[in-house]
Amino acid sequence: MQVFTVKGVHIDGVVACVPENKVDNESSLRELYGDEAKLIMESTGIRTRYIANPGTSSSDLCMACAQDLLEGTGTSPEKIGAVVFVTFTPDRLMPFNAAKVQDLLGLEKEIPAFDLSLACSGYAYGLYVASVFANACGRKVLLLDGDIQSAYMSPYDKSTVPVMADAGSATLISPDGNDREWKFTFYTDGSGRDTLMIPAGGSAKPFAARDLEYRDYGNDGKRKDADIYMDGFAIFRFVASDISKWLLKFLETTGESAETVDSFVPHQANMYMIRKLARKLKFDWDHTWQSGHAVGNSASATVPVTIAFDRENRLKQDGENKVLVSGFGGGLSASAGIISLDPKAYYKFFQYQKEEKE
Amino acid sequence: MEKFLELAAEVFEVEPDEITMDTIFREEIDGFSSLVGFSLIVMMEDEYGVRVPVEEFLQCKTVGDLYRKCVKE
């Protein structure tokens, strides 16, 4: 197992937001599932989800978070040395979101700014890359992570509708020269790339009119080729079997365990899956950070969303918390990091309002 | 057989003595859902090395039906 380490960085703050529309999950599932709606809602544990207004973009949500984060941490734009934006739903296919962020936040032009195209595994990737850049440039790095999955969701799809949601986040990493070593590891199994994907719209299958027509997939519901397809069982198996073993190996390789790590911040795939995963890693539920029940599964942003949402319940106030963060999903791909969270850092969770749009 | 009941009980989140080989799991296990079903399939694969296709799993009615998939191979 490859373990990547980075030392001397600090998270100054994590801000996350959910978009305009709160969806009651049981009601939203009634049309698809009829009398089974309640059972489906209870089995995933996702009671409410948040969906953006049409036209609200991933950069809108993340920019709102970034503005609050810079203000809340008293960080002026010239302090930012790089921008990393994790998203698979950028505002436009070209150019990338980070360029827009550089402009709208008034950041310097002589900085690296780029997107990382990853789905649910994105946040620990972003943390690692942002930390390496922070150390390399000796300045703060802005890590944005957010997706508008609803732009690619069929309302008639029985796999995606019960869990998927939208969210945005901003994390500020600064090089402060401390001695704490963060450890990361990554996992890729591209043989499963067809199990969670958007079939059309890429260069392999540029959009055609037929991609915008609904097709009937029988018991699975209806969706367009422009929509997200998820093979729920394949993803479940990936997490319950491959990822649980891989995370145990990561803990073992780094000499860590649920005893030495304060808590676990998993990607909020659904509450059933993360409860099972936490149990396999021997983290009790009280030491497992949670937000999916209230906000849904917003892809890689679920990790920073959960940090901002649940910090009052999970963050110990006596010194730095050593936490395991991990995301897993489309690719198939996963990432994990053993990092530290400072209870004195700036944290905020809010609901995005339209008037905050520029 | 006992070991299988223990593993199945863990998936169902009940005590092992609350289920038998005759338990009709979809009807008799509180809160049984497709996710619990997925968990059973993964448990059978991890513990017994048996990869049961979802379609075959759907034909199983009792805990014993699942057990026989594991010992048959």
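The figures that follow rest on heavy atoms only: side chains count, while hydrogens, waters and symmetry mates do not. Every chain is numbered from 1, with letters handed out A, B, ... down the list of sequences.
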Item to check | Portion of Ser34(B) that has a non-hydrogen atom of chain A nearer than 4.5 angstrom | outcome: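 Contact with chain A: none, neither part.
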
Item to check | Interface residue of largest heavy-atom contact number with chain B, from Glu36(A), Met273(A), Glu42(A), Lys245(A), under 4.5 Å | outcome: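 Heavy-atom pair counts peak at Lys245(A).
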
Checklist entry - Going by atom types only, do Ser291(A) and Asp310(A) share a side-chain donor-acceptor pair under 3.5 Å? => result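 Short answer, no.
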
Item to check | Heavy-atom closest pair, residues Val52(B) and Ile41(B) | outcome: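 Smallest interatomic distance, heavy atoms only, reads O-CG2, 3.6 Å.
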
Next on the checklist: Please find the pair of heavy atoms, one from Pro266(A) and one from Trp289(A), that lie closest to each other, and give the distance.
Outcome noted: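 Result for this residue pair: CD-O, 3.7 Å.
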
Checklist entry - What part of Phe233(A) lies closer than 4.5 angstrom to a heavy atom of chain B: side chain, backbone, both or neither? => result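 For Phe233(A), backbone and side chain are both near chain B.
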
Checklist entry - Quick one: do Asp262(A) and Arg314(A) make a salt bridge, cutoff under 4.0 Å? => result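 Result for this pair is no, no salt bridge flagged.
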
